[in-house]
Amino acid sequence: MSKIFENKSVLIGVTGGIASYKIPNLARMIVKQGGEVNVIMTENATNFITPFTFETLTKNKCIVDTFDRNFQYSVEHVALAKKSDSIIIAPATANIIGKIANGIADDMLSTTIMASTAPKIISPAMNHNMYHNPIVQDNIAKLERYGYTIIPAEHGMLANGDDGDGRMPDEKILLEYIIRSLYKKDLSGKKILVTAGATQEAIDPVRYITNHSTGKMGYAVAQESARRGAEVILISGKTNLEIPLGVKFIPVISAKDMYNAVTEHFSECDIVIKSSAVADYTPENFSSQKIKKKDGNMSIPLKRTDDIIAELGRRKKPNQFICGFSMETENMLENSRKKLISKNLDMICANSLNQKGAGFGTDTNIVTIITKSDEIQLELMDKSEVAGKILDSIISKTE
């Protein structure tokens with residue numbers, strides 16, 4: 001589990017929209033990951049959900065009235081403003097957006113926002129026509145200019161039954177925006193290309209050759225890179241994973257597709273992290289019709305695929321950094337060190353299928369980070385944590 005919420009306090013502002021029913025689950029998700037949550041509701045929000053719901057989930061008093069004399073802080077909005085590491089208003093009505101954009105502070109939520117220097121996230125949720133009202137759009141643009149993060153409203157069925165823009169996104173998306181607000185942006189200005197997943201080499205329209213890679217490691221690297229402020233291109237074979245928020249996603253199928261996509265974008269990137277499991281061999285001939293079963297055995301002639309990472313090593317410019325992956329079943333360190341040198345890589349991440357928790361499809365990994373000058377043996381940890389350690393090592397080598 002990520003430790004991003006450890007010793008962190010998140011303030012959630014809830015205003016009077018039907019989408020407020022999603023927010024208790026958001027609060028629960030943050031608490032489950034070890035974060036402290038405080039909630040401020042506008043009076044209109046209490047018509048949709050009760051403060052007691054949030055108090056039960058967060059174990060903190062939910063504040064509604066600015067002049068509540070029974071609360072432990074004498075000046076609540078200042079105290080919460082100071083202790084909050086991130087603030088999100090969800091759902092954010094046109095009213096609260098207009099207030100904040102124009103410096104109006106006449107209730108607990110708006111005064112707290114004005115008093116805080118924490119990162120602020122706004123998730124607009126309203127009727128389609130209201131959302132597209134030029135005044136509302138001007139207010140949203142104004143908040144963006146002031147450094148507020150605006151979560152784009154989604155298109156779909158609205159509370160009044162209309163189909164249009166103005167839906168608040170799923171809680172998982174809101175959570176990701178909060179997580180990103182807590183990250184140090186030490187990769188800002190960097191463009192990173194990440195490859196992930198397995199390729200599929202077609203035999204006929206029905207069958208193909210592939211491997212057990214699920215893409216989890218590569219997707220974790222892409223997500224961590226984006227959270228740390230990088231511009232990310234994710235080139236991926238087929239997986240069952242959700243595409244990380246904010247990355248440029250390029251789907252591929254075969255090793256040839258992967259080669260073409262990677263070489264097309266390589267020159268524009270500062271860092272390449274190649275964690276995909278690309279087939280070394282592909283069928284020499286493709287049958288346009290399904291190959292029918294016959295008596296006896298069958299042989300499929302195979303030919304070598306293009307060695308993508310070797311090609312990148314040949315093309316690498318002095319200011320580019322290439323990190324490869326090496327999955328081994330024997331002589332892991334020896335084989336990985338050879339690959340580091342022969343492919344002209346800057347770093348290689350070695351792991352072994354023989355180690356429990358480091359295989360395909362797991363949520364964990366055990367990696368040794370190898371460069372020409374040193375080796376770092378990581379313990380068993382969540383793949384998002386492994387991704388963070390890899391990025392830390394890359395930053396230390398490129399500073």
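Remember, predicted model here, so these are calculated numbers, not experimental data.
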For the [atom1] atom of [X] and the [atom2] atom of [Y], what is their distance to the nearest 0.5 Å?
| X | Y | atom1 | atom2 | answer |
| --- | --- | --- | --- | --- |
| C349 | M327 | SG | CE | 11.5 Å |
| I12 | I87 | CD1 | CD1 | 11.5 Å |
| N7 | D85 | CG | CG | 9.0 Å |
| T364 | M381 | OG1 | CE | 10.5 Å |
| K343 | S326 | NZ | OG | 10.5 Å |
| F321 | T398 | CZ | OG1 | 6.5 Å |

Expected output: side-chain [X] to main-chain [Y] donor-acceptor under 3.5 Å:
| X | Y | result |
| --- | --- | --- |
| T111 | M108 | yes |
| N211 | A277 | yes |
| H212 | F360 | no |
| S84 | A81 | no |
| D306 | I308 | no |
| K339 | E334 | no |
| N44 | G16 | no |
| E399 | S396 | no |
| T362 | A358 | no |
| T305 | A279 | yes |

Check whether any side-chain heavy atom of [X] lies under 4.5 Å from a side-chain heavy atom of [Y], and answer yes or no.
| X | Y | answer |
| --- | --- | --- |
| D363 | K383 | no |
| F48 | I18 | yes |
| T329 | S352 | no |
| M217 | V386 | yes |
| I151 | M168 | no |

Let me check something: do [X] and [Y] share a hydrophobic cluster, defined by ILVMFWY side-chain heavy atoms less than 4.5 Å apart, either directly or through other members?
| X | Y | result |
| --- | --- | --- |
| F325 | I322 | no |
| I121 | V31 | yes |
| F286 | V252 | no |
| L57 | F52 | no |
| I370 | I271 | no |

| field | Selection residues 272-291 - residue pairs positive for side chain to side chain donor-acceptor pair (under 3.5 Å), sequence neighbours left out | value | T195-S276, E201-T282
| field | All pairs passing side chain to side chain donor-acceptor pair (under 3.5 Å) where residues 293-303 contributes a residue, at least two apart | value |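 Counting only pairs at least two positions apart or across chains, no side chain to side chain donor-acceptor pair (under 3.5 Å) contact touches residues 293-303.
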How about [X]: does its [atom1] atom have over 12 heavy atoms from other parts shown lying under 6.0 Å from it?
| X | atom1 | result |
| --- | --- | --- |
| Y259 | OH | yes |
| E55 | CD | yes |
| L353 | CG | yes |

Nearest atoms (heavy-atom pairs only) where [X] meets [Y]:
| X | Y | answer |
| --- | --- | --- |
| N133 | I135 | OD1-N, 2.8 Å |
| V37 | N60 | O-ND2, 2.9 Å |
| G13 | L109 | CA-CD1, 3.7 Å |
| K22 | D170 | NZ-N, 4.4 Å |
| A94 | M130 | CB-SD, 3.8 Å |
| L340 | K372 | CD2-N, 3.8 Å |

| query | With sequence neighbours left out, what residues match E231 under salt bridge (Lys or Arg N to Asp or Glu O under 4.0 Å)? | reply | K191
| message | Taking salt bridge (Lys or Arg N to Asp or Glu O under 4.0 Å) as the definition, give me every residue that meets it alongside R28, ordered by chain and number, with sequence neighbours left out. | response |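 Result, salt bridge (Lys or Arg N to Asp or Glu O under 4.0 Å) vs R28: none returned.
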| Do T93 and N95 have side-chain atoms, one donor and one acceptor, less than 3.5 Å apart? |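 The answer is no; no qualifying pair exists.
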| message | Is a donor from one side chain sitting under 3.5 angstrom from an acceptor on the other, for Y131 and Q137? | response |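 No, no side-chain donor-acceptor contact under 3.5 Å.
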| said: Set out, in order, the CA-CA distance, both residues' side-chain angles and the distance that settles side-chain contact (heavy atoms from CB on, under 4.5 Å) for T371 and I348, then state yes or no. | reply: CA-CA 7 Å; T371 65; I348 194 161; over 6 Å; no
| E36 with K59: basic N within carboxylate O range, under 4.0 Å |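 Salt bridge absent between E36 and K59.
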| field | Ionic contact status for E224 with R228, cut-off 4.0 Å | value | no
| query | Quick one: salt bridge (charged side-chain N to carboxylate O under 4.0 Å, His left out) pairs with a partner in residues 128-152, sequence neighbours left out? | reply |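 Every pair satisfying salt bridge (charged side-chain N to carboxylate O under 4.0 Å, His left out) with a residue in residues 128-152: there are none.
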| query | Does the salt bridge (Lys or Arg N to Asp or Glu O under 4.0 Å) test come out yes or no for R227 and D186, once each step is laid out? | reply | CA-CA 10 Å; R227 287 173 172 177; D186 51 3; over 6 Å; no
| Can you list the steps and then say if Q377 with T368 is a side-chain hydrogen bond (donor to acceptor under 3.5 Å, both in side chains)? | CA-CA 4 Å; Q377 173 64 61; T368 301; 2.6 Å; yes
| field | L391 vs S225, side-chain contact (heavy atoms from CB on, under 4.5 Å): CA-CA, chis, key distance, verdict | value | CA-CA 7 Å; L391 293 173; S225 299; 3.6 Å; yes
| said: Between D106 and K99, is the salt bridge (Lys or Arg N to Asp or Glu O under 4.0 Å) condition met? List the steps. | reply: CA-CA 9 Å; D106 63 353; K99 278 185 182 182; 2.7 Å; yes
| When you look at T199 and K256, which way does the side-chain hydrogen bond (donor to acceptor under 3.5 Å, both in side chains) test go after all the steps? | CA-CA 9 Å; T199 61; K256 189 64 177 177; over 6 Å; no
| field | Derivation of the side-chain contact (heavy atoms from CB on, under 4.5 Å) call for I192 and V194 | value | CA-CA 6 Å; I192 299 180; V194 180; 3.8 Å; yes
Side chains of residues 232-248: which donor-acceptor pairs under 3.5 Å do they make with residues two or more places apart or in other chains?
residue	atom	partner	partner atom	Å
S236	OG	Y219	OH	2.9
T239	OG1	Y219	OH	3.3
T239	OG1	L241	N	3.1
E242	OE2	K172	NZ	2.9

| Going through the checks in order, is the side-chain hydrogen bond (donor to acceptor under 3.5 Å, both in side chains) test met by D163 and H155? | CA-CA 7 Å; D163 189 64; H155 184 94; 3.0 Å; yes
